[in-house]
Enquirer: 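Sending over a structure as structure tokens; questions will come in a sec.
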There are 2 protein chains.
Amino acid sequence: MVSLMLDERSKQILYAIIESYIDKPEPVGSRFVTKKYPFGFSSATIRNIMADLEEFGFLSQPHTSAGRIPTDKGYRFYVDSISGTDINKGFVRERMDKASYLHYDDSLGDMVCQFTKKLGRIKNDMNAMFSEVINTLSSMSNYVSVALPPKTEKTTFNRIDLIRYKDNKAVAILLTNEGVIKNKVLKIDASLAQEDINSIADYLNSEYAGHTLDEIRGSLVKRMKQEKLLWDEVIAKAIKICEQALLFTSEDIFVSGLYDVINLPDFSNILRIKQIAKAIKDKHLILRLLDEFSDAEGVQVLIGSEHHYEELNGLSVVASPYKEGDRPMGVIALIGPTRMNYPKAIYMVDRIAKCISKTLSD
Amino acid sequence: MVSLMLDERSKQILYAIIESYIDKPEPVGSRFVTKKYPFGFSSATIRNIMADLEEFGFLSQPHTSAGRIPTDKGYRFYVDSISGTDINKGFVRERMDKASYLHYDDSLGDMVCQFTKKLGRIKNDMNAMFSEVINTLSSMSNYVSVALPPKTEKTTFNRIDLIRYKDNKAVAILLTNEGVIKNKVLKIDASLAQEDINSIADYLNSEYAGHTLDEIRGSLVKRMKQEKLLWDEVIAKAIKICEQALLFTSEDIFVSGLYDVINLPDFSNILRIKQIAKAIKDKHLILRLLDEFSDAEGVQVLIGSEHHYEELNGLSVVASPYKEGDRPMGVIALIGPTRMNYPKAIYMVDRIAKCISKTLSD
DNA sequence: ATTAGCACTCTAAGCTTGAGAGTGCTAATA
DNA sequence: TATTAGCACTCTCAAGCTTAGAGTGCTAAT
């Protein structure tokens, strides 16, 4: 962990700079730090520390005589410090407040409460429910909110192909009635020949082709009870992929908050607006992105260029899956500029996701 | 009609200027006109005519030494010339082509055909159908497309209040389970006292309160047959309002095409982007606007400031209701900059609306 | 009625300039 | 040794100035 490299003082100054920048997107100078966050050192000292932080790669300068702004690596360090702690404990809230004039108690708590109540009322109407989710998320955060609702109807499994690849890997290509929607690499036992793999695929195809996810699920549960020990791990994995893939199709991603996000100073550049507008328009892009989070545990954060989607360059994603019981059902996420209020975004996504999980599981 | 004031030559030049400007948003100079549209006159002559057209209010100059651009009044004249003719006849197509590099035969025809086929296939899924409608409209036009689908379920009629107003008018205030959604002035017989009107309202309330539109419709048809001659015109009107109002709620307006529209040069200004993004976000605004078209006949055009919605200033709307049989069911529309390819927009909205009407009526 | 010619106007882009902000480095200090 | 005062240096941004080019309106000629 990188954090070991930084002493407490440097850390505090890094936080101060990041939070100042999140609050107001202007390069932070050493003199400003001494004034706004009186650590008790002169600007010269702060300057030295800032130079160190820049050497670590946590800060950068837009030009020689400007202050510093956080780099992706800086944000990553910051986010990791938060993620290491319990989201509901004081540390996250403290950071959240420091990064924004809006304080926690003023609004977030109330809104989450209201949201919870409302969700209970409309839990039977998935459409209404996810509209509510994205509206709440985007209006609370001013970022773009996205939700992948669970999709248990309509889409049917057509066939799966498994192709050996390298030593102990296989590519699974999944076809549904809506086309190829998943294309994933699995680890398999090195001893399996292509023939063996074929027979696994054949088995899955003969067993499940033409069925909807609901049906497949029903059958799955039954089978797993009956023949528990016979289940090969590869088959299990393949089925898991099918499951996940069948959950989502690009038709019904919920997206909201473009208007709010373009009012952020980060999007004063027209090209940036076009970029994010395009990303939202091409829903399959977001679909693929969020899909990667679908089997994760808890809130995940991708900063700036950490994801490999060029179209989303300079944007960060805070996402969390939600569940029905233990089964992952979908993902909600916030997409915003790299200069995001991460503590707030993480806090919100976490709470809302838990809220959805609870509602679904009852 | 204003058109009488213009001789044929001036008209042609006006068209040329408007179409040149629609094609490329740069002020049109006299020399440019002589080159691009060889009328056989020198630039000085064209200049004189352009000065006349400016006096009429059809053109204006951004500044003294610039060419001319059309005014709202100029566009209005242009649109009126088109609307006077049969949309499917050559004149509209000719104008459409002149105003755009994209020629009719290249794409529009094909797309409409494909659209028609697809619509037939998914006519039972309103959601899919209107998604298809707005996607087709916006991708064909590069403007923002909007659709108000018919809403026959869920929303129920709560009560109507009729309040006398001026000589022979009454305000109808309609309440549904989702709140006040219509507020319209009716003409009534001057001899009716407030009491009479109250009893009409009472009658409607007792008869229909709590019912959904579907139910109200059924009852309506029956009644109208039975007691045809007893029906008072005011009651008929009031019911008509209820009907229309119940058709739409802001929840399910379909909107698409923001990304396409912000790529138009008209939206190179960030404030303009924010404006249209906001208009789209505040769906109730569009709802109110389109609602005004719901009982019109055929394609309607509002140019620039002709509508009284400040938020939509500088935007034009081309809208058409669609029907099931004779009954208006909803509205589709294109929203774009004042510098719109009106012939194309009118043509498309007209065809798609007719297409929907046909599909619904079968 | 049309047109050639010309003086006039306005914009947009490029260039220069100076104030201001913030740095890095050095030498002095606790 | 850690900190700090002081200063020269760098870079940006806004303001002011200049100029080429586009397009006009008017006048006098056809």
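Letters go in sequence order (proteins before strands), and every chain restarts at 1.
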Enquirer: May I have the distance from B:R31 (atom CZ) to D:dT24 (atom P), rounded to whole angstrom?
Expert: 11 Å
Enquirer: So what does A:F41 touch, heavy atoms closer than 4.0 Å: a base, only the sugar-phosphate, or nothing?
Expert: sugar-phosphate
Enquirer: Side chain to side chain contact (heavy atoms under 4.5 Å, CB included), that's the test. Do A:M340 and A:V318 meet it? Break it down for me.
Expert: CA-CA 10 Å; A:M340 215 181 189; A:V318 175; 4.0 Å; yes
Enquirer: Under 3.5 Å between N/O atoms: give me all the protein pairs with nucleotides 5-9 of chain D, atom names plus distance.
Expert:
| unit_1 | atom_1 | unit_2 | atom_2 | d |
| --- | --- | --- | --- | --- |
| D:dG6 | O6 | A:R47 | NH2 | 3.2 |

Enquirer: Do the non-hydrogen side-chain atoms of A:M348 and A:K344 ever get within less than 4.5 Å of each other?
Expert: yes
Enquirer: Give me the distances for all protein-to-nucleotides 9-13 of chain C N/O pairs that come in under 3.5 Å?
Expert:
| unit_1 | atom_1 | unit_2 | atom_2 | d |
| --- | --- | --- | --- | --- |
| C:dT9 | O2 | B:S65 | OG | 3.4 |
| C:dC10 | OP1 | B:T64 | OG1 | 3.4 |
| C:dC10 | O2 | B:S65 | OG | 3.1 |

Enquirer: Find the partner of D:dA29: check Watson-Crick (N1-N3 plus N6-O4 or O6-N4) and G-U wobble (N1-O2, O6-N3) distances, both under 3.5 Å, and reply none if neither fits.
Expert: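 Its partner is C:dT2 (Watson-Crick or G-U wobble, both distances under 3.5 Å).
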Enquirer: Rounded to the Å, how far apart are A:F39 CZ and D:dT4 C1'?
Expert: 18 Å
Enquirer: Quick one: does A:S141's side chain have a donor or acceptor within less than 3.5 Å of a partner on A:L137's backbone?
Expert: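 Yes, A:S141 side chain to A:L137 backbone: donor-acceptor pair under 3.5 Å.
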Enquirer: Starting from P on D:dA22, measure out to CD on B:E26 and report it in whole angstrom.
Expert: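 Answer to the nearest Å: 12 Å.
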Enquirer: Does the plane of the ring in A:Y15 sit parallel, tilted or perpendicular to the ring in A:F77? Use 30° and 60° as the thresholds.
Expert: tilted
Enquirer: With respect to the side chain of A:Q61, which nucleotide from C:dT23, D:dT4, C:dT3 is positioned closest?
Expert: C:dT23
Enquirer: Does a side-chain N or O of A:T45 approach OP1 or OP2 of D:dT4 to a distance below 4.0 Å, or not?
Expert: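 Yes, A:T45 has a side-chain N/O under 4.0 Å of OP1/OP2 on D:dT4.
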Enquirer: Only pairs under 3.5 Å count here: list side-chain donor-acceptor contacts from residues 57-67 of chain B, not counting sequence neighbours, and write none if there are none.
Expert:
| unit_1 | atom_1 | unit_2 | atom_2 | d |
| --- | --- | --- | --- | --- |
| B:Q61 | NE2 | B:T64 | O | 3.0 |
| B:Q61 | NE2 | B:A66 | O | 3.0 |
| B:H63 | ND1 | B:S65 | N | 3.4 |

Enquirer: Please report, rounded to the nearest Å, how far the C1' atom of C:dA21 is from the CE atom of A:M50.
Expert: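 My rounded result for the distance is 13 Å.
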Enquirer: Please verify the inter-ring angle class for A:H307 with A:Y309; under 30° counts as parallel, over 60° as perpendicular, anything in between as tilted.
Expert: tilted
Enquirer: What is the pairing partner of D:dA15, taking Watson-Crick or G-U wobble pairs with both distances under 3.5 Å in any strand?
Expert: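 C:dT16 - that is the nucleotide pairing with D:dA15, both distances being under 3.5 Å.
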Enquirer: Can you confirm if the NZ or CZ of B:R95 lies within 45° of the ring axis of B:Y342 and under 6.0 Å from the centre of its six-membered ring?
Expert: no
Enquirer: Output the rounded distance in Å from CD1 (B:I46) to P (D:dG25).
Expert: 13 Å
Enquirer: Specify the separation, in whole Å, of atom CZ of A:R68 and atom C1' of D:dT10.
Expert: 14 Å
Enquirer: If we ignore hydrogens and angles and just use 3.5 Å, is the side chain of B:S139 paired with the main-chain N or O of B:N135 as donor and acceptor?
Expert: yes
Enquirer: In whole angstrom, give the distance that lies between atom CD1 of A:I49 and atom C1' of C:dT23.
Expert: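 One finds 15 Å between C1' of C:dT23 and CD1 of A:I49, rounded.
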Enquirer: Does the pair A:E311/A:K278 count as a salt bridge with the N-to-O cut at 4.0 Å?
Expert: no
Enquirer: Want to settle it: does B:N48 or B:G67 sit nearer the 5' end of DNA chain D, counting the closest nucleotide to each?
Expert: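 Whichever sits nearer the 5' end wins; that is B:G67.
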Enquirer: Rounded to the Å, how far apart are B:I17 CD1 and D:dG23 P?
Expert: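 For the pair B:I17 CD1 and D:dG23 P, the rounded distance is 12 Å.
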